[in-house]
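Below you'll find the structure, written out as structure tokens, and then a few comments.
Convention: sequence-line order gives letters A, B, ...; per-chain numbering from 1. What you see is a predicted model, and the numbers here were worked out from it, not measured in a lab.
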Amino acid sequence: MQIPALHPTSPDRPATLETGNAPLRIGRITTHSRLFVGTGKYRDAETMRAAIEASGAEIVTVAVRRERLLDAEGRSLLDELDLTRLTVLPNTAGCFSASDAVRVARLGRDLLEQLGNAGAHWVKLEVLGDRRTLLPDPVGTLEAVGELVADGFDVLAYSSDDPIMALRLRDAGATSVMPAGSPIGSGRGIANPAAIRIILELLQSKDAGGDPEYPVIVDAGVGAPSDVIAAMELGADGVLLNTGIAHAADPVRMARAMRLACEAGYLGARAGRIPARLYASASSPWEGRVATIPGE
Amino acid sequence: MTPDAQSPTSPPTSDPSMRRPPGGTIETSGDAPASVRLNGSTHRITPGLTVAALLDRLGQAGRPCAVEVNGSLVPFRHRQERILLDGDRIEIVTLVGGG
């Protein structure tokens, strides 16, 4: 299936760009890398630091969890991250209700305000519906978006790849919609490219009542650099991933590969790819060839 | 864990849980320790302890954390004022690796 190109046909986006790192504005935050990386599941802190560096990401996600009060001597994640350079995006992972997600978002904001980090104003909202699939609960997510927006948050709403749900989240005030490529940590990539593409059309095409600057970040399920390229070529504004880097055999090398894939996909989406065709089109001229063609 | 009582430093407010009692030292009659749930476990604390004092007793004072009591955030700037009472459910959280 060939899905028509999005960006080259859009008059609102430049057809050519010098860099794969064109700035992306999400609410009050502007990032120069379109790859967002998580900080979970690394085998050690040193690997995590090196992988974040290699990924080029400026935004890292974190989770809010109970302090281990009896083991408070150990180093914390906050000791390992360069908070002068990185913007923290706290998530509400593990929440199964809107009310819990709102609580966790407020706890994360209070922590980041203490640290003076720019990430204090936003949250990656996850309201999960099921423990095994970790698929989002659309009803709870929608409810939480309303509460968090009213409380002053820029909400980046993790969602399924349902286009109508994406519209509802935007209409409820979400700063960005983050459709899942496939279930969290599954490594199955972009399971339904057409759905992602329709989300992009509905949210960003002026013809569909969209805003070309409305950020759509593909989140979850990314296993390989080719998945990142696929998401970016579809027209996504960015990709968020964690497990695909953290659980790779060589996380630092994979982080670099994901970074290059993100830039390649970004540029490719705007370069105006050729249409796919059933039959061949010779690259070398027919004119002046010395060979004969059998039967002609 | 039996942290000592500590007097709050804030002015009185209309919220009973944040009111500064007369005399400074906070004790209930008979000195019965307050039983609270702290990160899911039951602990006994001196009644009237503030959130700030509790964090100090726990060795958390210098570590970034956020605190919730009975489902509501206790903002960083209110820790000196918020008094803990018998039956309170306290959550002390930090940031960890996540996606």
| message | Quick check for you: to the nearest 0.5 Å, what is the distance between A/R68 atom CZ and B/T94 atom OG1? | response | 9.5 Å

| field | For the student: nearest non-hydrogen atoms of A/A63 and B/G97, plus distance | value | CB-O, 4.0 Å

| request: Measure A/K124 against the heavy atoms of chain B and call it side chain, backbone, both or neither at under 4.5 Å. | output: side chain

| Does CZ belonging to A/R131 count more than 12 external heavy atoms closer than 6.0 Å? | no

| field | Interface moiety of A/E126 toward chain B, non-hydrogen atoms closer than 4.5 Å | value | side chain

| Part of B/E68 within contact of chain A (heavy atom distance under 4.5 Å) | both

| request: Without swapping roles, check the side chain of A/Q114 against the backbone of B/C65 for a donor-acceptor pair under 3.5 Å. | output: yes

| message | Among residues at least two apart in sequence or on other chains, which ones pass salt bridge (Lys or Arg N to Asp or Glu O under 4.0 Å) with A/D154? | response | A/R28

| said: Quick check: do B/V96 and A/V62 have side-chain heavy atoms less than 4.5 Å from each other? | reply: no

| query | Is a side-chain N or O of A/N91 found less than 3.5 angstrom from the main chain of B/G99, in a donor-acceptor match? | reply | yes

| chain B: which of A/E113, A/K41, A/R66, A/R65 shares the most heavy-atom pairs with it under 4.5 Å? | A/R66

| remark: Comparing A/T61, A/T243, A/N242 against chain B, the one with the most heavy-atom pairs below 4.5 Å turns out to be A/T61

| request: Considering only heavy atoms and a distance below 4.5 Å, find which of A/A45, A/G38, A/G40 pairs most often with chain B. | output: A/G40

| Residues of residues 102-112 of chain A with any heavy atom under 4.5 Å of a heavy atom in chain B | A/R103, A/R106, A/L107, A/D110, A/L111, A/L112

| note | Here the pair of heavy atoms bringing A/E67 nearest to B/P64 is OE1-O, 4.3 Å

| Nearest 0.5 Å, what's the CG-CG distance between B/L95 and A/L78? | 5.0 Å

